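Here the structure comes first, spelled out in structure tokens, and everything after it is commentary.
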Amino acid sequence: MLDIRLVRESPDVIRRDLAKRNAPEKAKLLDDVIRWDADWRKALAEADRLRRRRNEITRDIADAKKAGKSTEKLRKEAATLPKEIDALDAKTDELAEKVRGGLLRLPNLLHESVPVGKDDTENVEVARWGTPRRVDFELKSHSDLLEALRLADFDRARKIAGAGFVYLLGDLVRLDQALLAFALNYMVKQGFTAVFPPFMMRRDAYEGVVDLGDFETVMYKIDGEDLFLIATSEHPMGAMYMDEIIDEADLPIALAGLSTQFRREIGGHGVDTKGFFRMHQFNKIEQFVFCRPEDSWTWHEKLRANGEAIYRALEIPYRVVNVCTGDIGTVAAKKYDIEGWFPRQNAYREVISCSNCTDYQARRLNTRAGKVGGEKFFPHTLNSTAMATSRGLVAVLENYQESDGSVGVPKVLRPYMGGQDVIRAPGHH
RNA sequence: GCGGGGAUCGCCUAGCCUGGUAGGGCGCCGGGUUGCUAACCCGGUGCGCUCUGCGCUCGGGGGUUCAAAUCCCCCUCCCCGCGCCA
């Protein structure tokens with residue numbers, strides 16, 4: 001959420017930004033917000049004036065009673081006030097809600113380095129690492145490979161839960177856990193605090209961390225309860241300090257969340273529709289940081305570096321793109337996607353998304369920092385994937401696939417799998 | 001699920017019965033005093049506005065009243081005990 005004071009004082013800064021995003025409907029919304037806010041302030045001042053008069057009368061009545069004088073005249077005047085105040089309150093409430101609703105729909109201010117572009121085809125590559133492996137055999141789709149190795153059962157998962165779910169089996173479960181354990185240990189070594197968050201959140205907390213439309217399209221609701229399954233551990237970590245003042249001495253707070261996550265909308269899959277490139281349920285290690293505003297751009301690079309380091313350690317080629325204005329979404333001021341190499345798709349595909357949300361999330365969550373009794377400020381928040389399995393698993397399965405149908409285990413994961421260096425079909429052990 | 005107890009300006013707490021400017025302690029900030037970074041004294045320490053001023057704020061909503069933290073009704077959340085339970 002943007003600062004209403006910025007909207008009042010520097011609307012042109014916001015307008016320039018919206019032009020970069022090619023978002024004329026938001027520019028119109030901005031004009032509406034400015035008007036609603038002006039009307040709100042006017043109505044509020046009028047209501048306050050009436051309240052002041054009411055308070056004066058109330059005090060006068062108390063004094064008159066003490067002095068034993070008549071209060072008749074004062075009571076008469078007081079009786080007319082509540083109706084007028086109620087009418088103005090209804091107006092101010094309505095306008096305040098419109099202003100807040102408008103602010104929630106206005107996107108964050110972009111960092112100057114965000115490239116202008118219409119969609120993900122115009123993201124700008126800023127780094128590339130590793131050489132895609134060339135193989136002289138046909139790679140199997142990961143779902144065929146897994147079913148041949150009996151490492152996953154999509155059909156039975158579909159039977160009991162529907163499309164978008166899978167039974168991981170045998171060594172694939174261990175590979176999943178190894179990826180998560182490796183990534184979590186890496187994060188802890190970087191000084192991050194491991195977090196295992198609640199997997200469900202109440203609506204009021206959730207409203208602080210997602211767009212309102214996400215309730216309908218992305219999130220699972222628990223029937224009969226005010227609870228939603230988390231779509232990423234970014235959400236419970238972001239909401240952790242909702243309505244609190246963080247002691248500034250505690251900043252930065254760097255968290256590494258481990259959770260399963262649940263998403264209703266899994267969209268199109270491109271090549272290899274069957275499989276777990278996009279799932280209703282998957283696991284992830286997520287980086288999340290609360291920091292001082294002046295430190296957030298350094299942290300943004302650090303989170304990106306962590307993501308790159310993890311994929312380099314796995315020896316999976318990747319590139320990094322600076323996500324353009326048409327693809328960046330509303331919350332981030334700047335976003336890097338790290339795209340792993342998927343040889344079967346012959347393409348780089350997103351495996352990590354790394355955002356600096358500046359003060360946009362914190363303002364909405366009412367998470368402040370400072371000293372009690374002193375200056376307060378909104379901390380900046382950042383989030384980035386460290387390792388999302390499903391996609392991380394697919395990346396390993398495609399990049400480490402051998403012609404005999406076995407899959408090599410990346411060196412850094414072997415300690416987490418009891419030294420095992422290859423995954424084969426049962427019977428080959 | 002049943003019973004009980006709670007929610008007050010960062011934290012702790014008074015006020016509620018008996019309606020009339022929400023008081024104190026801790027912490028923090030600023031100033032004073034002091035041989036001293038201790039103790040002590042003074043002021044400040046939630047949000048909003050058209051900001052010398054005013055308004056709002058006692059978990060949320062409604063009601064009674066000139067006036068509600070206080071009285072009445074509804075709701076939410078938290079804690080304790082019992083029950084169920086991995």
Side-chain angles (χ1 to χ4, degrees), chain A residues 1-11 33-104 196 198-208 221-228 236 239-251 253 260 290 292 359 362-379:
Chain A
M1 185 165 75
L2 293 179
D3 189 347
I4 186 65
R5 272 166 288 206
L6 183 75
V7 172
R8 282 175 200 156
E9 290 160 21
S10 314
V33 169
I34 290 168
R35 201 176 55 248
W36 294 328
D37 177 58
D39 292 347
W40 171 75
R41 282 184 288 166
K42 216 170 135 195
L44 183 71
E46 178 61 22
D48 278 359
R49 202 156 45 237
L50 294 176
R51 265 189 250 276
R52 176 184 185 174
R53 183 61 197 142
R54 185 190 64 188
N55 291 342
E56 284 167 357
I57 293 170
T58 293
R59 275 190 291 267
D60 289 348
I61 288 174
D63 291 345
K65 270 182 108 168
K66 242 181 263 167
K69 291 187 208 151
S70 164
T71 60
E72 195 61 32
K73 222 178 112 188
L74 291 165
R75 280 167 189 265
K76 217 180 223 170
E77 184 184 352
T80 65
L81 289 174
K83 224 193 281 176
E84 292 179 62
I85 293 175
D86 282 351
L88 281 166
D89 279 353
K91 197 170 160 189
T92 53
D93 287 353
E94 189 195 327
L95 285 164
E97 206 169 306
K98 277 174 138 172
V99 169
R100 184 176 165 80
L103 285 176
L104 288 176
F196 189 69
F199 284 16
M200 301 180 205
M201 287 166 63
R202 292 195 192 112
R203 187 175 194 110
D204 65 341
Y206 233 126
E207 280 176 348
K221 179 168 188 350
I222 305 297
D223 189 33
E225 305 265 349
D226 177 27
L227 286 171
F228 295 82
M240 199 167 168
Y241 297 97
M242 179 174 77
D243 294 326
E244 289 191 40
I245 298 168
I246 299 171
D247 188 328
E248 61 182 323
D250 292 340
L251 295 177
I253 296 172
T260 300
F290 297 89
R292 306 183 65 89
D359 61 2
R363 182 171 297 107
R364 179 170 183 169
L365 283 161
N366 192 31
T367 295
R368 290 172 298 164
K371 280 252 186 293
V372 175
E375 283 285 298
K376 280 150 203 97
F377 57 90
F378 288 107

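All chains are named by letter (A, B, ...) in the order of the sequence lines, taking the proteins before the strands, and each is independently numbered beginning at 1. Nothing here was measured: the structure is a model prediction, and the numbers come from that model.
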In whole angstrom, what separates [X]'s [atom1] from [N]'s [atom2]?
| X | N | atom1 | atom2 | value |
| --- | --- | --- | --- | --- |
| A/Arg59 | B/A68 | CZ | P | 13 Å |
| A/Arg51 | B/G48 | CZ | C1' | 11 Å |
| A/Glu248 | B/G27 | CD | C1' | 15 Å |
| A/Asp250 | B/G10 | CG | C1' | 13 Å |
| A/Asp3 | B/C47 | CG | P | 13 Å |
| A/Asp93 | B/U57 | CG | P | 12 Å |
| A/Arg49 | B/C51 | CZ | P | 12 Å |
| A/Leu88 | B/C56 | CG | C1' | 15 Å |

Under 3.5 Å for both donor-acceptor distances, Watson-Crick or wobble: does [N] have a partner, and if so which one?
| N | result |
| --- | --- |
| B/G55 | B/C47 |
| B/C82 | B/G1 |
| B/C77 | B/G6 |
| B/C40 | B/G32 |
| B/C71 | B/G63 |
| B/U18 | none |

Using the [atom1] atoms only, state how far [M] lies from [N], rounded to an integer number of Å.
| N | M | atom1 | result |
| --- | --- | --- | --- |
| B/C56 | B/A22 | C1' | 14 Å |
| B/A39 | B/G4 | C1' | 46 Å |
| B/G60 | B/G53 | P | 29 Å |
| B/G1 | B/C11 | C1' | 35 Å |
| B/U21 | B/C26 | P | 26 Å |
| B/G46 | B/G10 | C1' | 10 Å |
| B/G27 | B/C74 | P | 43 Å |
| B/G20 | B/A7 | C1' | 25 Å |

Which part of the nucleic acid does [X] contact within heavy-atom distance under 4.0 Å: base, sugar-phosphate only, or nothing?
| X | answer |
| --- | --- |
| A/Ile57 | nothing |
| A/Arg202 | sugar-phosphate |
| A/Arg368 | sugar-phosphate |

### Query
After noting the C-alpha distance and the side-chain angles of A/Arg53 and A/Glu56, does the key distance pass the salt bridge (Lys or Arg N to Asp or Glu O under 4.0 Å) rule?
CA-CA 5 Å; A/Arg53 183 61 197 142; A/Glu56 284 167 357; 3.1 Å; yes
In Å and rounded to the nearest 0.5 Å, what is the [atom1] to [atom2] distance from [X] to [Y]?
| X | Y | atom1 | atom2 | value |
| --- | --- | --- | --- | --- |
| A/Met201 | A/Leu227 | CE | CG | 10.0 Å |
| A/Asp359 | A/Leu2 | CG | CG | 8.0 Å |
| A/Glu97 | A/Leu95 | CD | CG | 10.0 Å |

Could you check which of [options] has an atom nearest any side-chain atom of [X]?
| X | options | value |
| --- | --- | --- |
| A/Leu44 | B/U50, B/G48, B/G55 | B/G48 |
| A/Asp48 | B/C49, B/G20, B/G48 | B/G48 |
| A/Arg52 | B/G46, B/C54, B/C56 | B/C54 |
| A/Lys42 | B/G10, B/G48, B/U50 | B/U50 |
| A/Arg8 | B/G10, B/C56, B/C49 | B/C49 |

### Message
Checking A/Tyr206 now: which residues fulfil ring pair (Phe, Tyr, Trp, His ring centres under 6.0 Å) with it, not counting sequence neighbours?
### Response
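A/His235.
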### Task
For A/Arg203 and A/Phe228, indicate whether the former's side chain and the latter's backbone hold a donor-acceptor pair under 3.5 Å.
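No; zero donor-acceptor contacts below 3.5 Å.
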### Message
Between A/Asn55 and B/C66, is there a contact of a side-chain N or O with OP1 or OP2 at under 4.0 Å?
### Response
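A/Asn55 to B/C66 OP1/OP2: no side-chain N or O under 4.0 Å.
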### Query
Any side-chain N or O of A/Arg54 less than 4.0 Å from the OP1 or OP2 oxygen of B/G20?
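False: A/Arg54 side-chain N/O out of range (4.0 Å or more) of B/G20 OP1/OP2.
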### Query
When the nearest nucleotide of RNA chain B is assigned to A/Trp40 and to A/Thr58 on a heavy-atom basis, which residue is associated with the more 5' position?
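Looking at RNA chain B, the more 5' nearest nucleotide goes with A/Thr58.
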### Message
A quick test of your reading: do over 12 heavy atoms of other residues, nucleotides or ligands sit less than 6.0 Å from NZ of A/Lys91?
### Response
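Count not over threshold, so no.
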